[in-house]
Amino acid sequence: MSDIQAQFSVLKQTADPVVVEAIAQLIANGHDRDLNRINALDFANRTGLDQEKVISGFLHASRLGLFDMSWNVLCPGCGGVLGAHATLKSLKHEDYNCALCAAGYEASVDEMVEVAFTVSPRVRRIGAHDPDTLPIWEYVRQMFWSSGVDLNEESFSRLIDEVTLEALELPAGEKAILSLNLPSQFIIVFEPVTHSAHFLDVQGEPTSERQQLSIMFNRLEAPTGTTVMRPGPLRLTLENQSDNRVLPSVWIAADALHEMIGKRKPILTAKRMLSNQTFRDVFKADNLNVDQRLKITSLTFLFTDLKGSTALYERVGDLTAFDLVRAHFRALLEIIAAEKGAVVKTIGDAVMATFVKPEHAITAGLRMRAAMDELNKQRGANDLVLKIGIHEGPCLAVMLNERQDYFGQTVNIASRVQSLSTAQEIHITGPVLDAPAVAEILQQREIKPIQKQAALRGIADKMVVYEIP
């Protein structure tokens with residue numbers, strides 16, 4: 001048995017066998033481009049497989065060395081990859097700039113950072129392992145644009161036929177001269193290797209006189225410039241001063257380009273990955289540096305705590321209480337994972353968990369309450385009384401005590417909201433209730449939240465909270 005076959009045998013023991021078989025077929029039969037920066041959500045949709053099982057499968061496969069995982073900072077405007085990193089730790093603190101969009105962005109792990117998977121060169125060698133050998137359009141497709149831009153054959157043909165006036169490969173240290181006839185359009189001279197762009201604002205009366213323009217490519221992050229020109233002939237000189245080939249192209253920034261890059265498909269975001277239980281379990285050391293502070297604009301926190309656990313130990317004895325608490329933890333952890341959440345930490349009898357969407361958290365909370373009722377019913381007692389609080393808002397992803405954690409007022413409020421519960425009720429905040437999917441869940445179950453004013457410890461003003469009776 002080869003090493004790769006052995007790795008797949010191990011993978012079948014840790015991941016869903018159907019997912020493993022689909023991954024094996026992809027490696028064996030997929031085109032080169034299909035194995036570079038694989039979009040796990042798109043793969044799940046195309047194969048009809050469960051997204052969570054697919055994500056788990058690719059994570060376990062990456063841990064075994066079958067795939068390399070990358071954290072790619074994306075431009076929210078054009079979907080271009082502004083920075084590709086092997087680990088989340090490599091993300092920069094400073095802004096990322098997109099030359100094509102002439103804009104700068106602070107990396108947020110909500111939608112700006114995708115997690116993608118590329119087959120390991122030990123498993124199968126593909127063109128993207130040697131990007132300097134990729135043809136120009138494959139480089140643009142595979143290396144510049146993210147896995148979230150829906151580049152089908154039809155749209156890519158439009159890029160080449162309708163958008164592009166000229167494109168070439170320019171080796172290191174060489175110069176090229178292009179003769180173009182400029183239309184009365186906005187033109188972009190874009191180079192994806194050095195990620196540089198120069199805009200030509202073509203306007204006014206056409207001219208028959210040949211215009212001149214020189215553009216140099218190097219590794220310096222020069223600001224994007226704009227030159228006003230007239231419709232008519234242009235002598236464009238391109239000089240490569242970098243140590244690698246460059247791939248400049250001249251594009252018409254019109255509807256065809258905007259329509260092409262506007263077609264998007266869902267991506268596996270860093271936020272979702274950080275709230276994935278398999279990732280937290282398998283890649284414990286591959287999260288953040290101790291000095292990193294990654295902004296998340298929206299994350300849902302669920303806190304639980306067992307009411308009167310000290311009295312429980314006193315009442316039923318240490319051994320029985322320990323078994324009860326362990327059964328309670330087992331039920332909660334299974335529900336959190338099943339509802340696309342992840343456990344951040346347990347503190348005593350309390351649990352802190354995160355969910356990408358509020359509706360997943362409220363469903364988990366309702367299931368947790370039902371699970372405690374079932375455990376109590378099995379014992380013929382009401383010893384397990386679970387207090388639950390849910391809040392949604394912005395936060396920072398940080399490293400605390402050698403563990404990926406979260407910091408901010410949203411976390412504090414979620415913890416305080418949980419402490420309001422006295423029995424099996426769940427307390428949620430306005431941002432959670434305002435989520436349309438949450439309102440739909442409560443309406444389907446004929447649950448009417450009870451609004452109340454609450455003073456939360458450490459929070460200056462009283463807050464409006466909602467009790468789920």
Side-chain angles (χ1 to χ4, degrees), residues 19 22-51 54-55 57-58 67 70 72-82 84 98-101 111-119 124 126-131 133-169 185-188 190-193 195 197 247-269 272:
V19 172
I23 291 174
Q25 290 297 319
L26 175 67
I27 291 174
N29 304 320
H31 295 294
D32 271 20
R33 73 168 72 106
D34 297 331
L35 292 164
N36 179 48
R37 291 182 181 166
I38 298 165
N39 180 334
L41 303 189
D42 186 52
F43 179 78
N45 293 337
R46 287 188 287 106
T47 55
L49 298 171
D50 178 77
Q51 287 187 357
V54 166
I55 294 170
F58 275 105
F67 291 92
S70 61
N72 306 319
V73 180
L74 310 182
C75 171
C78 68
V81 174
L82 308 183
C98 179
L100 186 58
C101 296
E111 303 298 334
M112 271 192 66
V113 181
E114 72 168 0
V115 184
F117 302 88
T118 299
V119 68
R124 175 176 159 182
I126 61 174
H129 292 142
D130 303 293
T133 66
L134 285 173
I136 180 170
W137 295 118
E138 284 302 316
Y139 187 97
V140 171
R141 171 185 273 184
Q142 294 189 42
M143 307 307 297
F144 176 70
W145 269 308
S146 79
S147 65
V149 179
D150 192 1
L151 293 174
N152 56 38
E153 295 305 320
E154 179 185 351
S155 62
F156 217 70
S157 294
R158 289 191 70 190
L159 172 67
I160 298 171
D161 299 334
E162 298 180 33
V163 174
T164 305
L165 294 178
E166 188 64 82
L168 74 156
E169 177 177 331
Q185 300 261 25
F186 199 78
I187 305 296
I188 304 174
F190 178 63
E191 203 296 295
V193 179
H195 201 138
L247 304 169
S249 53
V250 184
W251 292 345
I252 301 172
D255 291 344
L257 177 61
H258 297 143
E259 287 174 11
M260 189 195 73
I261 63 179
K263 292 180 179 178
R264 304 293 176 87
K265 46 193 174 185
I267 59 172
L268 176 56
T269 62
R272 181 165 179 178

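These numbers come from the heavy atoms of this one structure, side chains and all, not from hydrogens, waters or symmetry mates.
- Across every non-hydrogen atom of Gly30 and Leu35, the tightest pair is O-CD1, 4.2 Å.
- Here the CZ atom belonging to Phe58 is positioned 6.0 Å from the CG atom belonging to Leu26, to the nearest 0.5 angstrom.
- Remark: Ser147 OG to Phe43 CZ distance equals 13.5 Å, nearest 0.5 Å.
- Separation of atoms OG1 (Thr47) and CD (Gln25) is listed at 12.0 Å; rounding is to 0.5 Å.
- For Arg272, the salt bridge (Lys or Arg N to Asp or Glu O under 4.0 Å) test picks out Glu52, with sequence neighbours left out.
- Checked by atom type and distance alone, the side chain of His195 never pairs as donor or acceptor with a backbone atom of Cys98 at under 3.5 Å.
- In plain terms, the two heavy atoms of Ile267 and Gly148 that are nearest each other are CG2-CA, 3.3 Å.
- With sequence neighbours left out, Glu154 forms a salt bridge (Lys or Arg N to Asp or Glu O under 4.0 Å) with no residue at all.
- Partners of Asp42 according to the side chain to side chain donor-acceptor pair (under 3.5 Å) rule, which considers only residues two or more places apart in sequence or in another chain, are Arg46, Lys265.
- By the side chain to side chain contact (heavy atoms under 4.5 Å, CB included) test, Gln185 is found to be paired with Pro183, Ile187, Ile252, Ala254, residues two or more places apart in sequence or in another chain being considered.
- One N or O on the side chain of Thr118 and one on the backbone of Arg37 form a donor-acceptor pair closer than 3.5 Å.
- Remark: Asp161 engages no residue in a salt bridge (Lys or Arg N to Asp or Glu O under 4.0 Å) (not counting sequence neighbours).
- The side chain to side chain donor-acceptor pair (under 3.5 Å) test applied to Ser249 returns Trp251, not counting sequence neighbours.
- Listed for the Arg264 side chain is a donor-acceptor partner under 3.5 Å among the backbone atoms of Ile261.
- Distance check, rounded to the nearest 0.5 Å: CD1 of Ile188 to CG of Leu165 gives 11.0 Å.
- Close placement of the Phe144 and Phe190 rings is indicated, their centers lying within 6.0 Å of each other.
- To the nearest 0.5 Å, atoms CG (Leu134) and CG (Leu247) are separated by 9.0 Å.
- In this structure, His129 contributes its side chain and Val119 its backbone to a donor-acceptor pair below 3.5 Å.
- Here Asn45 pairs with Gln51 under the side chain to side chain contact (heavy atoms under 4.5 Å, CB included) rule; sequence neighbours left out.
- Under the side chain to side chain contact (heavy atoms under 4.5 Å, CB included) criterion, Pro135 pairs with Glu138, not counting sequence neighbours.
- Between the side chain of Glu114 and the backbone N or O of Leu268, no donor-acceptor pair lies under 3.5 Å.
- The distance from atom CZ of Phe156 to atom CG of Asp150, rounded to the nearest 0.5 Å, is 12.5 Å.
- Applying the side chain to side chain donor-acceptor pair (under 3.5 Å) test to Lys263 and every residue at least two apart in sequence or in another chain returns nothing.
- Remark: Tyr139 pairs with no residue by the ring-ring contact (aromatic ring centres under 6.0 Å, His included) rule, at least two apart or across chains.
- No side-chain donor-acceptor contact under 3.5 Å links Asn72 to the backbone of Val81.
- Under a 3.5 Å cut-off, the side chain of Thr164 and the backbone N or O of Glu166 do not form any donor-acceptor pair.
- Remark: side-chain polar atoms of Asn36 are not paired, donor with acceptor, to backbone N or O of Ala128 under 3.5 angstrom.
- Partners of Asp50 under the salt bridge (Lys or Arg N to Asp or Glu O under 4.0 Å) rule, at least two apart in sequence or in another chain, do not exist in this structure.
- Partners of Glu259 under the side chain to side chain donor-acceptor pair (under 3.5 Å) rule, at least two apart in sequence or in another chain, are Arg158.
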